There are 2 protein chains.
Amino acid sequence: MPKPGPRLRLVDVAERAGVSLATASRALAGRDGVSEEVATRIREISRELGYVANPYARTLAGGASSTVGLVVHQVDDPYFSEIAGGVIQVADEQSLLVQICHSGRDPDHELRQIRHLIAQRVGIIIIAGSGYNDPRIEAEAKAELSAFQSLGGRVAVIGRHSLGVDAVLPDNEAGGQALGDHLVGLGHRHIAVAAGTPGLTTVADRLAGVAAGLRAHGLSLDDLPVVHTDFTRDGGRAAADQIMTNHPATTAIVALNDAMAMGVLSALRARRTPVPDRVSVVGFDDVSVAADLAPSLTTVRLPMTDMGRMALELALKPRSARPRRRATGHRLIVRDSTGPVPAV
Amino acid sequence: MPKPGPRLRLVDVAERAGVSLATASRALAGRDGVSEEVATRIREISRELGYVANPYARTLAGGASSTVGLVVHQVDDPYFSEIAGGVIQVADEQSLLVQICHSGRDPDHELRQIRHLIAQRVGIIIIAGSGYNDPRIEAEAKAELSAFQSLGGRVAVIGRHSLGVDAVLPDNEAGGQALGDHLVGLGHRHIAVAAGTPGLTTVADRLAGVAAGLRAHGLSLDDLPVVHTDFTRDGGRAAADQIMTNHPATTAIVALNDAMAMGVLSALRARRTPVPDRVSVVGFDDVSVAADLAPSLTTVRLPMTDMGRMALELALKPRSARPRRRATGHRLIVRDSTGPVPAV
DNA sequence: GTGAAAGCGCTAACAT
DNA sequence: ATGTTAGCGCTTTCAC
């Protein structure tokens, strides 16, 4: 397979400028120890020649790696593709490369991917996606990442709180609360939750938010159906079917992400249950199609693209003594999938 | 689960196996010149130790670069995120890394990204997304890529025919034809097209297909409104508004991709124009949400994930004398957004 | 401020 | 079949 060809090397630039390799290297890296005059000339020549450093040589020699490893559950899930979009934007601005890989929602696979990225010597690791309630997994990941950091790597995560690194934290609880509040405000009491797999912290957090929102109005989630299925469209379908079969009095379903909400809508459509006239439905995330569903989906908007941007920006700052946390904010977007409780 | 030490090197594996560096290298690379017995032992030890080769050293030393550069217009566009998903799947299977970057639908930017990937010494380049009708751009890209190939790089593209490299070619014409055929079959005569920017070859190809489909029934696209706007949801909105205002007799709108179709549906909804009772709408691609829109979208399915897979698989084969081409196939998916012509 | 030289970890000739 | 060794192109001490 591909072999490197005869390309422009740093020596060529150095020779052309009449300086040594070391000086040229210093000049291009913007390090000091070179007179401003010489440095400028070297940079000019390099630009003229169209020189681009060989990243393999650079990194091997101990320079900083300019590639960022991005771990997402699945790029073709809109939640993650929007986050990836944000990361790529910033990377582009900073001339960094983005290496993307899938965890496939499998904690062990994720761990393997993280190790792989570290072994590949990326300079920065961004992990997007829910954490796991399994302490073993989280501990192993944490250990791996902190070793990576102590070797000079930078890490930022999105939506995980227990990894001891800089984190962008979506407003999962507050958003869940807003949702619960909204439904109760519309008069709903028979509320059910289509929740994702219980192993995900995102599910737990959003659920806790919903519980809090209901509690404020004297309702308890303990008395209401909470169905745990996959955190996907299909999971949503299954959950909705289960809910409507076992709890026909339900007038509102909270799906803990938009993908599940889409499944819920689809299941209700199949059952010819009018939304929102008979059952209201809410989602979470506000992926871009949420507005185009029928009915358009009431949901909590999370700024996914910005979350991606923020994560890489965090990782690009010098490491701080203690992990930084950035909350994302959220906004309840009321659309057509929610309405008042049907008159009995 | 093997835990990689802070910095395991090939020497460590070699020492542990009691062989030389060269033998270890050969064994792990699967090259011959090592007895099967020894090779197996080395591989075992390497796995046990959790050894992962340093790709920088490996590539610098003249080995194959194991990274794939993927250029997409935008990852957060479902069409591209599904393709990216396919590429990542295969890469994962082959232990390759995927570096992803955006062209942003800007031909000059795309060219810059390609040059950057080449300068970064990726081993394989995959370019997804429509080509451009601008011959200058295509010629420059072609030159760049062929230089890259002659240096041993591998290239495959998706949906571009004029680059002189291996290509996965979506059934744009045949799909367009199927769409035209479908609408005429339902009795539609007043058909309009919401087309993307005319500079994109994908737009031209799909349009040609639609024209052919109509022509077969004695209709000519020359007599029908074809509105060129952005190849996006917003473009679809604008096109639909323009079409319905200027050609109120229109009973069917062909959008040249699903994103535009979503815009069309949204514009029609805003105008309270019933779909499909008053106007039928078709899209192209069958992105995963197409089935969840209201009404669900009649469209041409392209196997995006497979297209990503095929592209990388093509690129992984040894280069052939002449560029290979793989057609993707397509399937007309009839859903609820199309129906018979309304009775007058 | 600048240059010379020693690696970084690996592959690939060249030996044996 | 296996070992020895010379680089790959760069950064980084360490001299000057």
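Lettering of chains follows the sequences in order, A, B, ..., and the numbering in each one begins at 1. From a predicted model like this one, the values you see are computed outputs, not experimental measurements. Values below: every heavy atom of this structure, side chains too, minus hydrogens, waters and symmetry copies.
With sequence neighbours excluded, no residue satisfies salt bridge (charged side-chain N to carboxylate O under 4.0 Å, His left out) with B:E44. Remark: A:Y79 engages no residue in a ring-ring contact (aromatic ring centres under 6.0 Å, His included) (not counting sequence neighbours). Listed by chain and number, the residues in a side-chain contact (heavy atoms from CB on, under 4.5 Å) with A:D76 are A:Q74, B:S81, B:E82 (sequence neighbours excluded).
Judged by distance alone, the side chains of B:S103 and B:H73 do bring a donor and an acceptor atom under 3.5 Å apart. Judged purely by distance below 3.5 Å, without hydrogens or angles, the side chains of B:Q120 and A:N54 never pair a donor atom with an acceptor atom.
Here the OG-CZ distance, from A:S130 to A:R160, works out to 7.0 Å after rounding to the nearest 0.5 Å.
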What string of B, S and - do you get for nucleotides 10-16 of chain D, 5' to 3', if B is base contact, S is sugar-phosphate-only contact and - is no contact with any protein heavy atom under 4.0 Å? BBBB---

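Within the structure, the salt bridge (Lys or Arg N to Asp or Glu O under 4.0 Å) test picks out the following pairs touching residues 17-36 of chain B (sequence neighbours left out): B:E36-B:R43.
When the P atom of D:dA1 is taken as reference, atom CD of B:E36 falls 10 Å away, rounded to whole Å. As a whole-Å value, the separation of A:Y56 OH from D:dG7 C1' is 19 Å.
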Based on Watson-Crick and G-U pairs with both distances under 3.5 Å, what dot-bracket line describes DNA chain C 5' to 3', crossing pairs as [ ] and inter-strand pairs as |? ||||||||||||||||

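Not a single donor-acceptor pair under 3.5 Å links the side chain of A:T59 to the backbone N or O of A:Y56.
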